[in-house]
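A short write-up of the structure that comes next.
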Protein chains: 2
Amino acid sequence: MPGRNGKGPPWWHGKFRGCGYRLTIPRETIIEVLSKAAKHLSAEEIYLAVHKVYPAIGLTTIYRTLELLVQIGLVFKFDFGDGRARYELAEGPKGIRQHHHLVCTNCGRVIDYTDFIDEAKEFLSQTMKALNKKCNFKITNHLIQFYGLCEKCQK
Amino acid sequence: MPGRNGKGPPWWHGKFRGCGYRLTIPRETIIEVLSKAAKHLSAEEIYLAVHKVYPAIGLTTIYRTLELLVQIGLVFKFDFGDGRARYELAEGPKGIRQHHHLVCTNCGRVIDYTDFIDEAKEFLSQTMKALNKKCNFKITNHLIQFYGLCEKCQK
DNA sequence: ACTGGGAATGAAAACCATTACCATTAGGAG
DNA sequence: CTCCTAATGGTAATGGTTTTCATTCCCAGT
C-alpha cells in the first residue's frame, strides 16, 4: 500500500513525474517537512526545518519549490497580513484536507477550523457552478478567511 | 440630506471625528479618489490619482492613511497575489457594498461579482454565529475569493 | 552501469512594496 | 488668533521575495 509510512514511492511521486518534474532531495525534504508540520508555515520556517536535515539547502530553492508546488496544486499559499506568505500541504493520501482560517486582527494568531465544512461545501459548489456559467470563469480554487478577535484579545 | 453630492459635510466626517482623527486635505482627497474609482486600487495608483489634484502628497501619507482607513473599517485591504495590496472603499452612504472577487491565476485579472450574495450571507451568518460560540472568536470581517481561469485564459 | 544534456540548485545581488525616521507643517480646541 | 500636537513628506532603511549565473546532479538513452 504505497503512500503509507511503509515502503514504496510516496503518493505524490506520480504527480511530479506526470508533470515532467524531477525528484530531488530538496523537493522531497520540503514536502516531508510540510506534511509533518500539517499546518501553515512561512518560507523561513520551512527553510529552517529543511536545513536541519539537509544543511546544504538554499532559501532560493525553498521559494522556487514552493512556487512549483503551488502551481501543481500540492500546496496552498496564504496571506495572513503579516507581510510573509504561509504555505500548507493541500492534500494527503486521503485527499483534499478542507479547512479555513480565523485570523486575529490584534495579535495575528491564526486558528484552523474544520467544522461547518459541509455548509461551506454546499455554498461553494453552488457558487462555483453559477460562476462557471454566468462569468465564463473556470474556478479551480477558493479562499475563505475570517477576521476578528481571538479569545484573549477580546478583553 | 448630507452625504449626497450636494452640500453639507460628507457622510464619513462623523466617523473621523468620532475617533478623534483630524480632517486633512490628504485624507479627504484619498477617500474621494477611492469613492470615485469604486474598485480596488493599489497604493501607487491611489498615489498617482491623488497627486494629480494635490501634488504635494507623499507616498508615506498614502500608506499611513490607508492603514488608518482600514482600521476604522472604511476601507478593505486585499491581496490578489501579485505582491502589492489593493484597497477599496468598504461602504458608501447606502451602507456596506458586498461583493467578492474572482482572481485569474494566469493573467492576474480580477473580476468583481455581486451575485449570489444572498447565499453567501446565509452561509456566513450561520458560520459566524457558530464560530462565535464554539471558538470564542469574535468575527468582525471576512474574505472570500475564488481563483481560476478567466474567459480568455481558458483557451 | 555510463554518459551527455538540460533541469535543478545555491550564493550573492537585485528588486520593490512597505515602513521608520525626523524635521517641518497645519488642524482645531480654547 | 495662538499654541499644542497630530499629521505630513522626503529620504533612508527594511525585509520578504526574485533574479542572475556558474555549478551540480537527475535520469533517459545508450
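Chain letters run A, B, ... following the sequence lines, proteins first and then strands; every chain starts at 1. As a basis for the values below, the full set of heavy atoms in this structure was taken, side chains included, without hydrogen atoms, waters or symmetry mates. Bear in mind the structure is a predicted one, so any value in this text is a computation, not a measurement.
- If you measure from atom CD of B:Gln71 to atom P of D:dA7, you get 12 Å, rounded to the nearest angstrom.
- Using a 4.5 Å cut-off between side-chain heavy atoms of Ile, Leu, Val, Met, Phe, Trp and Tyr, with links allowed through other members, B:Ile57 and B:Val75 fall into the same hydrophobic cluster.
- For the pair A:Arg27 and C:dT9, the criterion of a side-chain N or O lying under 4.0 Å from OP1 or OP2 is met.
- When heavy atoms are screened at a 4.0 angstrom cut-off, A:Arg22 is found touching base atoms of the nucleic acid.
- Side chains of B:Asn106 and B:Lys152 form no contact here, defined as non-hydrogen atoms less than 4.5 Å apart.
- The side chain to side chain contact (heavy atoms under 4.5 Å, CB included) search around B:Glu45 returns B:Leu41, B:Ser42, B:Arg86, not counting sequence neighbours.
- Look at CZ on A:Arg84: it is 12 Å from C1' on D:dT17, rounded to the nearest Å.
- In summary, the aromatic rings of B:Phe80 and B:His101 are positioned with their centroids under 6.0 Å apart.
- When atom types are taken as modelled, the side chain of A:Gln154 and the backbone of B:Asn136 share a donor-acceptor pair closer than 3.5 angstrom.
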Table of protein N/O atoms under 3.5 Å from nucleotides 19-25 of chain C N/O atoms:
from, atom 1, to, atom 2, distance (Å)
C:dA20, N6, B:Thr60, OG1, 3.2

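- For A:Ala56, the listed nucleotide lying nearest its side chain is C:dG10; candidates were C:dG28, C:dA8, C:dG10.
- Taking 4.5 Å as the limit, some side-chain heavy atom of A:Phe146 sits within range of a side-chain heavy atom of A:Tyr113.
- Residues satisfying the ring pair (Phe, Tyr, Trp, His ring centres under 6.0 Å) test with A:Phe16, not counting sequence neighbours, are A:Trp12.
- For the pair B:Asp79 CG and D:dG16 P, the computed distance is 16 Å after rounding to whole Å.
- No chain of hydrophobic side-chain contacts below 4.5 Å, direct or via other Ile, Leu, Val, Met, Phe, Trp or Tyr residues, connects A:Leu124 to B:Leu149.
- The overall bend of the helix from C:dA1-D:dT30 to C:dG30-D:dC1, read as the angle between its terminal helix axes built from five base pairs each, is 50° when rounded to 10 degrees.
- Pairs of residues two or more places apart, or lying in two chains, that qualify as ring-ring contact (aromatic ring centres under 6.0 Å, His included) and include a residue from residues 42-66 of chain A are A:Tyr47-A:His51.
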- prompt: What do the steps show when you test B:His142 against B:His100 for side-chain contact (heavy atoms from CB on, under 4.5 Å), and what is the final call?
  reply: CA-CA 10 Å; B:His142 64 84; B:His100 304 131; 3.9 Å; yes
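- In this entry the distance linking CG of A:Leu66 with C1' of D:dT18 reads 13 Å, nearest Å.
- Both A:Ile30 and A:Val70 belong to a single network of hydrophobic side chains, linked directly or stepwise wherever heavy atoms of I, L, V, M, F, W or Y lie under 4.5 Å apart.
- Rounding to whole angstrom units, NE2 of residue B:His13 and C1' of C:dG27 are separated by 13 Å.
- Contact check of residues 41-55 of chain B against DNA chain D (heavy atom, cut-off under 4.0 Å) returns B:Tyr54.
- Across the protein-nucleic acid pair, A:Ile62 atom CD1 and C:dA11 atom P stand 12 Å apart, rounded to whole Å.
- The residue among B:Gly83 and B:Thr24 whose nearest nucleotide of DNA chain C is located toward the 5' end is B:Gly83.
- B:Gln126 and B:Glu122 are linked by a side-chain donor-acceptor pair at a separation below 3.5 angstrom, with hydrogens and angles left out of the test.
- Taking atom CZ of A:Arg86 as the reference point, atom C1' of D:dG16 lies 12 Å away to the nearest angstrom.
- Rounded to a whole Å, the CD1 atom of A:Ile25 is 15 Å from the C1' atom of C:dG10.
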